[in-house]
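Since the structure comes first, as structure tokens, the remarks are kept for the end.
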There are 2 protein chains.
Amino acid sequence: MEWEIGVASKHELARKLRQRINQGEFSETGKLPTEDQLIEQYQVSRYCVRGAIAVLAAAGEVFPVRGSGVFVREDRVGNYMPIGSSNGIVADFPDRKVSSFVQELALIRADKQLAKRMRCAEGDQVWRVVRLRSVNDQPISYETAWYLKEYVPYLNEEIARGSLYAYMRDDLGLTFGFDDKVIHMGWLTAEAARLLELNEGDPAICIEDDAFLSNGKLFNASRNLYHYKNAKFYSMASMR
Amino acid sequence: MEWEIGVASKHELARKLRQRINQGEFSETGKLPTEDQLIEQYQVSRYCVRGAIAVLAAAGEVFPVRGSGVFVREDRVGNYMPIGSSNGIVADFPDRKVSSFVQELALIRADKQLAKRMRCAEGDQVWRVVRLRSVNDQPISYETAWYLKEYVPYLNEEIARGSLYAYMRDDLGLTFGFDDKVIHMGWLTAEAARLLELNEGDPAICIEDDAFLSNGKLFNASRNLYHYKNAKFYSMASMR
DNA sequence: TAGTGGTCTAGACCACAAA
DNA sequence: TTGTGGTCTAGACCACTAT
């Protein structure tokens with residue numbers, strides 16, 4: 001059976017299991033094979049199997065019940081954006097048309113306030129990128145983002161029109177670590193309102209995001225003002 | 001040294017390490033002891049040490065960097081509520097005065113719409129609880145919550161004034177599994193506005209929460225309308 | 001090159017769910 | 001009672017960081 005071949009790591013195994021889940025292979029029972037069966041099927045250790053299941057569980061795709069099995073969770077409804085782990089809006093919506101309209105792209109020097117936010121020295125060089133982001137031609141958010149030039153030596157409008165995260169990961173070789181978000185209520189500026197096709201002063205869910213590399217250094221901060229109708233979010237978490 | 005004694009599980013070890021972090025023991029280096037040192041200090045296996053660190057990392061308290069060490073993350077600022085894992089607002093703010101004013105507490109039968117939300121049959125008994133929640137005497141949210149009577153056989157106003165989650169966990173012996181949240185923009189009803197001391201029609205961050213037991217069964221759903229000034233949220237996530 | 005976290009194998013026992 | 005996931009020990013090697 002084809003899924004027996006060539007599994008070498010928990011991430012690879014997680015990917016294969018995700019595939020089988022999405023193909024509906026387990027929809028009858030609603031459960032994954034048992035750990036012992038997966039050990040047998042993929043010829044890996046229990047540690048590896050448990051690691052793969054932990055990856056899927058952290059992503060909210062399955063939930064293990066002791067003594068009973070690993071259950072596939074209900075489908076997440078379609079139109080929501082994940083809060084928490086994200087590798088960029090483009091990766092979040094693989095089968096949707098994601099567009100970014102670059103309003104501004106400039107290399108600036110951090111003033112006192114920005115330096116504090118970026119954990120850098122005053123005067124350090126920072127890319128400032130303002131974009132309107134839309135999904136399936138619906139405006140989603142007005143984003144103001146800053147990137148430390150130390151880690152992103154080059155940037156242009158064409159790159160900013162696409163996925164900056166994919167650029168940083170694939171072309172610059174940066175490895176992402178974790179990010180902090182703060183969510184609160186904000187209000188649209190005139191320019192944000194114009195681009196989102198709303199009115200100045202309209203309320204917006206505002207997310208401040210600080211993103212760190214795997215070495216713990218901040219490389220990117222951003223402020224997103226989300227369209228109050230078009231943007232919804234979901235979060236799936238363990239309570240244990 | 002006192003921290004060497006009596007560690008039997010990753011959760012226990014995580015608790016002890018958290019204590020040492022909060023006491024500032026590692027503030028000089030910003031790093032935890034190495035895995036090998038922790039193995040030595042607590043006389044446990046590497047697996048156990050790694051498990052404890054994973055618990056802290058999942059909670060956003062530390063971040064491990066391969067080849068370098070396990071770093072303590074910056075303090076989370078004070079006044080924010082966690083999105084993602086939560087065991088109730090009371091547990092989230094251990095050193096604040098959390099009050100709940102019960103507006104309504106009734107045992108009802110699920111209509112078609114509620115039955116769908118609660119994953120139960122039409123006509124099943126459900127507790128409906130409406131509360132104004134406040135932290136340090138500031139109104140935070142207007143909450144409408146439903147609890148399946150199947151899992152919560154008894155409820156009264158006194159219990160609802162306190163922590164329903166503590167009641168369910170400690171007195172009813174329920175074990176929580178995971179929860180799904182949907183975050184979007186909402187608008188205050190007249191009653192919600194009155195209680196939150198805002199105006200009808202004011203915007204509010206709205207969080208719909210479905211909470212499941214560790215056996216995968218939904219036991220509680222709720223809708224929270226948050227005060228747009230008093231309520232802010234944070235989320236810390238891994239990007240790996 | 002040495003130190004440190006990441007992954008993996010192999011094997012054991014425990015806690016909980018379901019029959 | 002049996003099956004299944006949760007935790008733990010012991011030991012090994014790999015990948016990345018820092019020097």
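The shown structure was predicted, so the numbers you read here are calculated from the model rather than taken from an experiment. The figures here come from the full heavy-atom set of this structure, side chains too, leaving out hydrogens, waters and symmetry mates. So that the names make sense, note that chain A is the first sequence line, chain B the second, and so on, each numbered from 1.
- Among dC8(D), dT4(C), dG6(C), the nucleotide with an atom closest to any side-chain atom of Thr34(B) is dT4(C).
- Between the CG atom of Asp36(B) and the P atom of dA10(D) there is a distance of 14 Å, rounded to whole Å.
- Sequence order on DNA chain C of the closest nucleotides to Val49(A) and Gly69(B) puts Gly69(B) first from the 5' end.
- For Ser100(B), the side-chain hydrogen bond (donor to acceptor under 3.5 Å, both in side chains) partners at least two apart in sequence or on another chain are Arg133(B).
- In this structure, Ile39(A) atom CD1 and dT4(D) atom P are separated by 12 Å, rounded to whole Å.
- When rounded to the nearest whole Å, the span between CZ of Arg46(A) and C1' of dC8(C) equals 14 Å.
- If you measure from atom CG of Leu13(A) to atom C1' of dG6(C), you get 17 Å, rounded to the nearest angstrom.
- If you measure from atom CD of Gln37(B) to atom P of dG3(C), you get 12 Å, rounded to the nearest angstrom.
- Evaluation of the salt bridge (charged side-chain N to carboxylate O under 4.0 Å, His left out) rule for Arg128(B) yields Glu104(B) as partners, not counting sequence neighbours.
- Remark: P of dT7(D) and CD of Glu35(A) are 11 Å apart, rounded to the nearest angstrom.
- Ion pairing between Glu208(A) and Arg117(A) holds under the 4.0 Å rule for side-chain N and carboxylate O.
- Judged as a ring pair (Phe, Tyr, Trp, His ring centres under 6.0 Å), and not counting sequence neighbours, the contacts of Phe71(A) are Phe63(A).
- For His11(B) and dG6(D), the shortest distance from a side-chain N or O to OP1 or OP2 is not below 4.0 Å.
- With rounding to whole Å, Ile53(A) atom CD1 is found 16 Å from dT7(C) atom C1'.
- The CG atom of Leu38(B) sits 17 Å away from the C1' atom of dT9(D) (whole-angstrom rounding).
- The list of salt bridge (charged side-chain N to carboxylate O under 4.0 Å, His left out) pairs with a residue in residues 163-175 of chain B, not counting sequence neighbours, is empty.
- Comparing atom distances between the Tyr47(A) side chain and each of dT9(D), dG6(D), dT9(C) picks out dT9(C) as nearest.
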Heavy-atom protein contacts under 4.0 Å, nucleotides 14-19 of chain C, coded B base, S sugar-phosphate only, - none: -BBS--
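- Taking only side-chain atoms of Arg50(B), from C-beta outward, the nucleotide of dC8(C), dG6(C), dT4(D) with the closest atom is dG6(C).
- For an aromatic pair to be called close, the ring centres must be under 6.0 Å apart, and Phe176(B) with Tyr165(B) satisfies this.
- Partners of Phe26(A) according to the ring pair (Phe, Tyr, Trp, His ring centres under 6.0 Å) rule, which considers only residues two or more places apart in sequence or in another chain, do not exist here.
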